[in-house]
Amino acid sequence: MSMKAPRGTQDILPGISEKWQYIENKLQELSYNYHYQEIRTPIFEHTELFQRGVGDTTDIVQKEMYTFTDKGDRSITLRPEGTASVVRSFVEHKLFGSPNQPTKLFYFGPMFRYERPQQGRMRQFFQYGVEALGSDDPAIDAEVISLAMNAYRVFGLQSLKLVINSLGDKESRENHRQALIDHFTPVKKELCSDCQSRLEQNPLRILDCKKDRDHPKMKTAPSILDYLNEESTAYFAKVKEYLDEMGITYQVDPNLVRGLDYYNHTAFEIMSDAKGFGAITTLSGGGRYNGLVQDLGGPETPGIGFALSMERLLMALEAEGIELPLDQGLDCYIVALGEEAKLKAAAITDQLRLAGVQADRDYQDKKFKAQFKAADRLKAKYVLVLGDDELANQQIAVKNMKTGDQETIDMEQLTQHMKEIL
RNA sequence: GCGAUCGUGGUGAAGUGGUUAACACAUCGGAUUGUGGUUCCGACAUGCGUGGGUUCGAUCCCCAUCGAUCGCCCCA
């Protein structure tokens with residue numbers, strides 16, 4: 001039996017977990033600034049939710065889902081993404097009935113996809129994402145994109161590239177789809193096997209195929225932007241206008257397609273430009289999904305959202321050499337000499353902790369000097385020394401480890417004193 | 001799912017088919033019975049991812065397996 005974590009999973013150990021907490025807190029704060037509220041949905045759902053929500057033709061559903069049958073003979077799937085669950089919950093709990101629309105939600109948690117792992121691609125990975133349901137104002141598209149960008153900017157990341165596109169409404173997509181089929185069918189045999197089946201299932205995705213990238217028909221392929229009807233064109237123009245006004249720079253890429261079936265109108269991706277960033281450059285992605293709520297049994301409700309990967313955010317920070325301003329170091333470490341002092345130290349430590357002071361002490365029966373070394377290693381701001389002398393006088397020595405200054409404090413004033421100097 | 005490279009102590013890492021698996025850092029102990037540094041001395045691998053095979057003998061050769069990294073695919 002292997003005692004290693006399963007392939008594609010990782011332990012987030014002390015030293016790293018602090019970074020995660022910092023990022024989570026910051027993203028939560030940012031979400032509230034945009035007035036999004038947290039939603040927590042189950043980590044597993046009925047398989048059918050993803051088949052219908054994410055789409056049967058997607059790679060996620062076709063080959064990447066963690067699906068199993070539970071003891072009640074239900075087909076269960078570990079969620080591969082967050083949107084389907086959020087929309088399901090929105091419908092199930094009739095959040096569309098709230099007078100406060102749009103419904104603006106954020107979530108955070110693990111997602112699962114059965115893939116070949118490499119750096120920045122795990123089988124269990126963590127996403128932060130938002131969904132805005134109930135508005136088809138282009139301003140909310142811009143808001144979500146702005147939030148997505150700021151989710152990196154708040155950490156000081158610079159090397160970001162925002163790519164946007166419009167997939168149009170249903171009519172535009174239909175027309176474009178037919179144009180793609182007409183365009184590629186004559187050369188069907190020259191395309192890769194994936195694209196041959198895409199031609200029938202989802203011709204749009206031929207456009208971002210890396211294998212057939214150099215095929216002559218690729219360059220002349222009908223662009224979605226030429227097939228947008230008046231309404232879709234106007235919508236996209238408005239989104240861009242909002243972005244311009246907000247000072248958010250972007251690049252329009254007509255080949256940006258996104259892997260999930262539910263997208264329409266606005267689609268976007270944020271990538272890292274940073275050198276030394278791995279082969280995987282996409283940091284986050286999102287888009288509009290106006291038909292999804294209805295597909296999952298709700299009333300006709302527009303929606304837009306995005307999700308980012310925590311792992312890749314961490315990679316981006318690393319690539320740009322950004323150090324997070326983490327609080328580190330213990331408030332105080334209690335050094336005790338002798339049995340009696342040890343006993344007293346336990347009580348003092350306990351008291352300090354209850355009063356809101358971080359405190360720790362030795363449990364390894366270390367020598368005096370070794371206890372000091374431990375305190376130093378733990379970056380303790382203060383060391384409290386308790387020996388025979390102090391014990392006799394009902395006092396304790398408080399040493400500032402940074403300045404080296406030391407003073408003697410009466411035992412009963414210690415907690416108060418520590419709270420003052422910290 | 002396909003292809004390639006790799007897997008030695010807490011960490012970084014050397015090494016060889018044959019008795020004691022370098023070195024460095026970290027850790028622990030001592031020099032220094034109550035103050036963090038430095039220096040010096042000493043200690044520290046259930047044995048080289050796991051399982052099997054070849055061999056008189058394998059950490060080093062072969063096979064399988066697990067895992068990591070990179071590329072493809074795709075994405076977050």
Side-chain angles (χ1 to χ4, degrees), chain A residues 1-10 13 15 54 57-64 79-83 108-129 148 151-152 192-195 198 205 208-213 256-260 268-272 278-287 305-316 333-338 341 364-391 397-406:
Chain A
M1 146 133 195
S2 163
M3 295 305 281
K4 286 190 229 174
R7 181 166 215 199
T9 66
Q10 63 179 151
L13 301 171
V54 178
T57 69
T58 60
D59 284 348
I60 290 179
V61 171
Q62 285 183 348
K63 52 184 196 192
E64 295 172 2
R79 62 183 185 192
E81 56 104 53
T83 303
F108 189 89
M111 305 294 164
F112 306 84
R113 291 184 203 173
Y114 192 91
E115 292 190 275
R116 191 74 177 265
Q118 52 182 278
Q119 195 170 59
R121 183 199 293 170
M122 298 282 118
R123 287 184 174 181
Q124 173 178 312
F125 57 103
F126 286 78
Q127 286 190 332
Y128 157 79
Y152 298 105
C192 74
S193 58
D194 282 344
C195 282
R198 283 174 186 146
R205 292 190 51 221
D208 68 352
C209 176
K210 304 286 191 301
K211 262 187 210 154
D212 293 324
R213 190 190 314 190
L256 174 67
V257 159
R258 310 288 307 143
L260 283 61
F268 68 97
E269 237 172 63
I270 297 172
M271 289 175 270
S272 173
I280 295 167
T281 54
T282 303
L283 295 177
S284 59
F306 93 99
L308 68 78
S309 146
M310 282 290 289
E311 288 82 358
R312 292 182 191 179
L313 172 48
L314 261 333
M315 281 170 68
Y333 192 87
I334 292 86
V335 169
L337 248 190
Q364 306 293 325
D365 249 330
K366 283 192 174 127
K367 300 278 165 51
F368 187 84
K369 194 184 179 85
Q371 290 189 45
F372 251 93
K373 280 180 89 164
D376 195 43
R377 214 169 31 231
L378 295 171
K379 298 194 177 79
K381 297 184 182 81
Y382 292 90
V383 167
L384 312 187
V385 180
L386 194 56
D388 294 340
D389 298 348
E390 289 81 7
L391 224 44
V398 176
K399 177 167 184 173
N400 181 325
M401 292 296 272
K402 201 163 176 185
T403 64
D405 297 338
Q406 185 167 318

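Each chain gets a letter, A, B and so on, in the order its sequence line appears, and its residues count up from 1.
Atom CE of A:Met122 is separated from atom P of B:C75 by 19 Å (rounded to the nearest Å). In this structure, the NZ atom of A:Lys369 is 11 Å from the P atom of B:U32, given to the nearest Å. Rounded to whole Å, atom C1' of B:U33 lies 12 Å from atom CG of A:Asp388. If you measure from atom CD of A:Gln406 to atom P of B:G36, you get 11 Å, rounded to the nearest angstrom. The separation between A:Glu311 atom CD and B:A68 atom P is 14 Å, rounded to whole Å. Atom pair A:Leu337:CG and B:U35:C1' shows a separation of 10 Å (rounding to whole Å applied). B:U32 atom C1' lies 15 Å from atom CZ of A:Phe372, rounded to whole Å. The separation between A:Glu269 atom CD and B:C75 atom P is 8 Å, rounded to whole Å.
Of the C1' atoms belonging to B:G7 and B:U65, the separation is 13 Å, rounded to the nearest Å. For the P atom pair drawn from B:C25 and B:G52, the interatomic distance equals 38 Å after rounding to whole Å. Between B:C62 and B:U5, the two P atoms lie 12 Å apart (nearest whole Å). The P atoms of B:G49 and B:C56 are separated by 25 Å, rounded to the nearest whole Å. As rounded to the nearest Å, B:C6 and B:G10 have P atoms that lie 24 Å from one another. Here, B:U27 and B:A45 have their C1' atoms 15 Å apart, quoted to the whole Å. Taking atom P in both B:C41 and B:U32, the straight-line distance is 16 Å, to the nearest Å. The C1' atoms of B:G37 and B:A22 are separated by 30 Å, rounded to the nearest whole Å.
OP1 or OP2 of B:G30 lies within a sub-4.0 Å distance of a side-chain N or O belonging to A:Lys367. For A:Lys366 and B:C28, the shortest distance from a side-chain N or O to OP1 or OP2 is below 4.0 Å. For the OP1/OP2 pair of B:G71 and a distance below 4.0 Å, the side-chain nitrogens and oxygens of A:Gln118 include at least one atom meeting the criterion. Contact between the side-chain N/O atoms of A:Arg7 and the OP1/OP2 oxygens of B:A68 is found at a separation under 4.0 Å. Between A:Gln119 and the phosphate of B:C70, there is a side-chain N or O to OP1/OP2 separation shorter than 4.0 Å.
To the nearest 0.5 angstrom, A:Asp376 atom CG is 5.0 Å from A:Met401 atom CE. For the atom pair CZ (A:Arg79) and CZ (A:Phe112), the distance works out to 7.0 Å, reported to the nearest 0.5 Å. The OG1 atom of A:Thr58 sits 10.5 Å away from atom NZ of A:Lys63, with the distance rounded to the nearest 0.5 Å.
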Quiz prompt | Intra- and interstrand pairs of RNA chain B - dot-bracket, Watson-Crick/G-U under 3.5 Å, | marks other strand | solution = (((((((..(((.....[....))).(((((.......))))).....(((((..]....))))))))))))....
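Counting non-hydrogen atoms under 4.0 angstrom, A:Gly129 reaches nothing in the nucleic acid. Residue A:Gly387 is classed as a base contact, given a heavy-atom separation below 4.0 Å to a base. Residue-level contact check: A:Glu390 touches the bases, meaning some heavy atom is under 4.0 Å from a base atom. Note on A:Gly8: only backbone sugar-phosphate atoms sit closer than 4.0 angstrom, heavy atoms only; bases stay farther off. Counting non-hydrogen atoms under 4.0 angstrom, A:Leu313 reaches nothing in the nucleic acid.
Checking A:Glu269 against A:Thr282 by side-chain atom types alone, a donor-acceptor pair falls below 3.5 Å.
Partners of A:Lys366 according to the side chain to side chain contact (heavy atoms under 4.5 Å, CB included) rule, which considers only residues two or more places apart in sequence or in another chain, are A:Asp362, A:Gln364, A:Ala370, A:Gln371, A:Ala374, A:Arg377. Contacts of A:Met122 classified as side chain to side chain contact (heavy atoms under 4.5 Å, CB included), with partners at least two apart in sequence or in another chain: A:Gln10, A:Phe125, A:Glu311. Under the side-chain hydrogen bond (donor to acceptor under 3.5 Å, both in side chains) criterion, A:Tyr333 pairs with no residue at all, not counting sequence neighbours. Residues meeting the side chain to side chain contact (heavy atoms under 4.5 Å, CB included) test with A:Ser272, sequence neighbours left out: A:Ala274, A:Phe277, A:Leu283. Legend: residues meeting salt bridge (charged side-chain N to carboxylate O under 4.0 Å, His left out) with A:Asp405, ordered by chain and number and at least two apart, are absent. Residues meeting the ring pair (Phe, Tyr, Trp, His ring centres under 6.0 Å) test with A:Phe368, sequence neighbours left out: A:Phe372. Applying the ring pair (Phe, Tyr, Trp, His ring centres under 6.0 Å) rule to A:Tyr382 yields no partners; only residues at least two apart in sequence or on another chain are considered. Among residues two or more places apart in sequence or in another chain, the side chain to side chain contact (heavy atoms under 4.5 Å, CB included) test is passed with A:Arg7 by A:Arg116, A:Pro117, A:Arg123.
Within a heavy-atom distance below 4.0 Å of RNA chain B, the residues of residues 373-384 of chain A found are A:Lys373, A:Asp376, A:Arg377.
With RNA chain B read from its 5' end, the first of the two nearest nucleotides for A:Asp389 and A:Phe125 is the one closest to A:Asp389.
For B:U35, the base has no donor-acceptor partner in the side chain of A:Gln371 [N/O atoms by modelled type, under 3.5 angstrom].
Nearest nucleotide to the side chain of A:Asp59, out of B:C74, B:U35, B:A76: B:C74.
Aromatic ring orientation, A:Tyr128 versus A:Phe306: perpendicular (interplanar angle above 60°, classes split at 30° and 60°).
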Exercise. Between protein and nucleotides 1-8 of chain B, map the contacts as a letter string: B base, S sugar-phosphate only, - none, heavy atoms under 4.0 Å, written 5' to 3'.
Key: BBBB--B-
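The shortest side-chain heavy-atom distance between A:Arg312 and A:Arg121 falls under the 4.5 Å cut-off.
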